[in-house]
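Single-structure report; data block below.
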Amino acid sequence: MILSFQQVNFVSDPEWVGFANFSAIFHDPLFWTAWWNTVTFTGIALAFGYVVPFFLAVVVNEMRHFKGYFRVAVYLPVMLPPLVVVLLWQYFYDPGNGLFNTVLRGLHLPESQWTQSPRMAMLSLVLVSTWANMGTATIMYLAALQNIPGELYEAAEMEGANVWQRLWHVTIPHMRFILAVLLMLQIVATMQVFIEPFQLTGTTNPDTITVMVLIYRYAFTVNHDFGMAAAMSVLLFLVLGAFSVAYIRLVSREGMRA
Amino acid sequence: MSETRSLFSDAQLRRGRARWIYFLVLTLLTLLFAAVFLFPMYWMVIGSLKDPAELARPIPTWIPESFHPEVYVQAWNELNIGRFFLNTAFYAVGAWLMQLVVDVTAAYALSKLRPVLGNVVLGAMLATLLLPTAALLVPAYLTVSDVPLFHVNLLDTPWALWLPSAANAFNIYVLKQFFDQIPDELLDAARMDGAGSLRILVSIVLPLSRPVLAVVSIFAVIAMWKDFLWPLLVLQEPRTQTLSVALSRLSATGRVPLTEVMAGLVIASVPMIAAFLVFQRSILKGLTAGGLKG
């Protein structure tokens with residue numbers, strides 16, 4: 001905290017500069033870009049990484065065969081080191097002979113520049129990150145689904161509820177806790193996205209620069225200004241802190257009931 | 001298979017048309033999972049084994065025509081993957097041991113020895129969970145580069161990774177919860193027999209806590225193996241880098257043959273995949289049961 005009010009570099013002793021660091025970052029045009037990109041990333045990542053695993057889990061839960069296979073397959077990418085994932089996808093995204101464009105070419109569909117096109121770049125990053133992380137959410141949803149007592153479905157059916165009504169009135173209310181917890185966790189995690197933009201598009205690309213990349217950039221590349229980086233961190237903390245508090249309260253409240 | 005039912009009952013799925021739909025969905029889902037989650041890993045492995053010219057071909061081969069396992073030897077020796085692999089393993093094992101020692105003693109102290117202000121300490125620790133790692137990046141880096149009071153620079157040393165990870169509030173919390181369930185009578189009995197606090201910890205508490213220790217250990221090693229940003233910051237000297245950091249640096253130069261980088265990726269993944277296949281149960285259970293982990 002204190003750091004954000006000081007001018008820190010390795011040349012001279014820290015000096016108190018008040019809000020100068022904050023006004024410096026506010027005047028950096030990249031500041032708003034980074035925040036906008038981060039919020040966009042989080043928004044798209046939630047659509048894919050929060051909603052899709054839910055439906056995946058619901059369908060897998062209906063399967064009477066290969067349950068172990070589904071669980072292992074969906075979780076394997078989570079085990080890969082993130083750098084491995086990102087480098088692998090970098091080769092898939094390659095605009096020349098990358099796998100994705102090869103497949104699109106084979107299907108006579110228009111090719112894409114993926115990470116290098118301003119329109120597709122953010123979506124490309126989200127896809128990588130979702131692929132790597134959706135296993136966690138899916139497994140948690142699956143565990144929650146298995147805890148729903150079967151009699152409830154039976155009772156609902158007796159009263160003439162169809163599949164959608166059963167999903168809406170039985171499944172979803174019972175998942176409320178895990179749905180809320182994962183929402184908080186995913187917001188906190190995705191807003192700290194770093195490795196995907198860092199490795200795939202670099203620290204200078206305004207299409208994809210995120211708050212974390214900007215912090216890294218302030219402190220360790222161009223500016224070597226730890227004060228500015230700390231000021232940025234403080235802002236990120238203020239935003240994420242609220243979600244963290246909500247998460248901890250939710251979990252400890254539920255923990256006491258259990 | 002008769003167990004608790006879900007949206008559909010077993011009987012419903014066995015009847016006429018539903019049966020066909022069920023098997024259709026099952027097949028599609030099996031293929032979808034294979035294509036989406038397993039295929040990229042298959043691609044990585046065969047990519048590393050292909051001849052560089054074959055890998056660069058505009059129309060890729062789905063089954064490699066050439067087979068070059070010696071690329072692993074080249075990557076291991078020429079790219080120094082071996083060294084980075086051992087670095088990573090060394091950091092992971094060290095972090096694991098440090099975490100166990102620090103977290104177990106802390107949790108034991110908080111749970112069984114009940115010091116004055118223990119609850120305050122616990123509360124303060126839980127409060128640190130609120131801090132996103134991101135917010136700590138800069139202060140932690142400055143701390144490590146010039147440790148307060150001692151004024152030593154830990155950059156490029158294993159301690160830069162080990163010390164920040166040692167006191168893990170989440171692990172301490174999980175361990176404390178588990179220790180709380182061990183009946184005090186058991187410890188009192190041991191104390192009557194003349195065992196000291198340390199002795200009780202080693203011969204009674206730890207053996208009882210094996211399952212939770214296993215989960216904590218596995219997650220500690222996985223986290224260290226997967227970490228990227230922190231090692232990237234504190235290990236700038238190439239000799240000391242982890243596999244992830246080194247691979248990022250090597251791939252950015254663009255001068256390294258692609259197949260060797262692919263081999264490096266496979267080498268970096270194998271321990272994780274192996275660990276998962278071996279400890280699958282503990283990992284998946286630890287994820288859901290004990291761990292709504294951040």
Side-chain angles (χ1 to χ4, degrees), chain A residues 3 8 58-66 69-77 79-84 87-88 92 97 99 102 131 136 139-140 143 145 149-150 153-154 163 166-167 171 181 185 188 192 194-195 199 212 215 219-220 226 229-230 233-234 236-237 240-241 244-245 248 251, chain B residues 1 4-10 13 22 25-26 29-30 33-34 36-38 40-41 43-44 47 56-60 126 129-139 141-142 222 225-226 228-229 233 243-244 247-248 251 258 261 265 268-269 272-273 275-276 280 284 287-289 292 294:
Chain A
L3 274 175
V8 184
V58 168
V59 177
V60 167
N61 198 44
E62 292 311 316
M63 295 296 125
R64 305 294 191 264
H65 303 85
F66 307 148
Y69 158 77
F70 291 125
R71 260 196 295 260
V72 169
V74 79
Y75 201 69
L76 265 179
M79 293 299 291
L80 295 180
L83 183 92
V84 170
L87 273 184
L88 188 61
F92 290 160
N97 282 332
L99 185 62
T102 310
W131 181 78
T136 314
I139 297 291
M140 286 181 159
L145 283 171
Y153 289 112
E154 246 152 65
V163 186
R166 274 175 283 176
L167 184 68
T171 313
V181 162
L185 282 182
V188 174
Q192 297 181 55
F194 175 78
I195 187 167
Q199 185 70 38
M212 282 299 286
I215 292 174
F220 301 101
F226 287 99
S233 308
V234 168
L236 184 61
F237 166 63
L240 294 183
S244 300
V245 172
I248 299 255
V251 171
Chain B
M1 281 223 180
T4 51
R5 59 158 293 172
S6 44
L7 278 178
F8 298 97
S9 68
D10 286 351
L13 292 179
Y22 167 75
V25 173
L26 180 70
L29 203 63
T30 309
F33 270 59
V36 174
F37 298 114
L38 302 182
M41 285 177 242
W43 200 246
M44 170 169 79
R57 233 182 270 170
I59 295 163
L126 287 180
L129 286 179
L130 295 181
L131 280 170
T133 44
L136 289 172
L137 210 57
V138 175
Y141 178 83
L142 291 176
I222 293 175
W225 199 277
K226 285 178 65 174
F228 176 74
L229 177 53
L233 297 182
L243 252 179
S244 287
L247 283 171
S248 163
S251 75
L258 196 53
V261 178
L265 298 185
S269 325
M272 292 289 94
I273 302 290
F276 179 57
Q280 209 202 100
L284 293 182
L287 190 70
T288 48
L292 291 169

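Order of the sequence lines fixes the chain letters, A, B, ..., with proteins taken first and strands second; residue numbering starts at 1 for each chain.
- Listed for the B/W225 side chain is no donor-acceptor partner under 3.5 Å among the backbone atoms of A/M79.
- Contact annotation for A/M63: both backbone and side-chain heavy atoms come within less than 4.5 Å of a heavy atom of chain B.
- When the candidates B/L243, B/V261, B/I273, B/L233 are compared by the number of heavy-atom contacts under 4.5 Å with chain A, B/L233 comes out ahead.
- The contact between B/S269 and chain A is made by backbone and side chain atoms together, counting heavy-atom distances below 4.5 Å.
- Taking B/F33 as the reference, A/F70, B/F37 meet the ring pair (Phe, Tyr, Trp, His ring centres under 6.0 Å) condition, with sequence neighbours excluded.
- Within the 4.5 angstrom heavy-atom criterion, only side-chain atoms of B/L38, from C-beta onward, approach chain A.
- Judged by distance alone, with hydrogens and angles left aside, the side-chain atoms of A/E62 form a donor-acceptor pair with the main-chain N or O of B/L7 at under 3.5 Å.
- Put simply, the side chain of A/I139 reaches to within 4.5 Å of the side chain of A/V74, judged on heavy atoms.
- With a threshold of 4.5 angstrom between heavy atoms, B/T30 approaches chain A through its backbone and through its side chain.
- Aromatic ring centres of A/F220 and B/Y141: separated by under 6.0 Å.
- The shortest non-hydrogen separation linking A/V84 to B/A268 is CG2-CB, 3.8 Å.
- Both the backbone and the side chain of A/V60 come within less than 4.5 Å of a heavy atom of chain B.
- Among A/L167, A/N61, A/V72, the residue with the largest count of heavy-atom pairs under 4.5 Å with chain B is A/V72.
- With a threshold of 4.5 angstrom between heavy atoms, B/I222 approaches chain A through side-chain atoms but not through N, CA, C or O.
- A pairwise comparison of heavy atoms in B/P40 and A/L88 identifies O-CD2, 3.5 Å as the closest pair.
- At a 4.5 Å heavy-atom cutoff, the contact between A/I215 and chain B is made by side-chain atoms alone.
- What you find for B/K226 and A/L80 is that their closest heavy atoms are CE-O, 3.7 Å.
- If you measure heavy-atom distances from A/Q199 to chain B, the contacts under 4.5 Å come from the side chain alone.
- Residue with the most contacts toward chain A among B/A34, B/A275, B/S248: B/S248 (heavy-atom pairs, distance under 4.5 Å).
- For A/L145, no part sits under 4.5 Å from any heavy atom of chain B, backbone or side chain.
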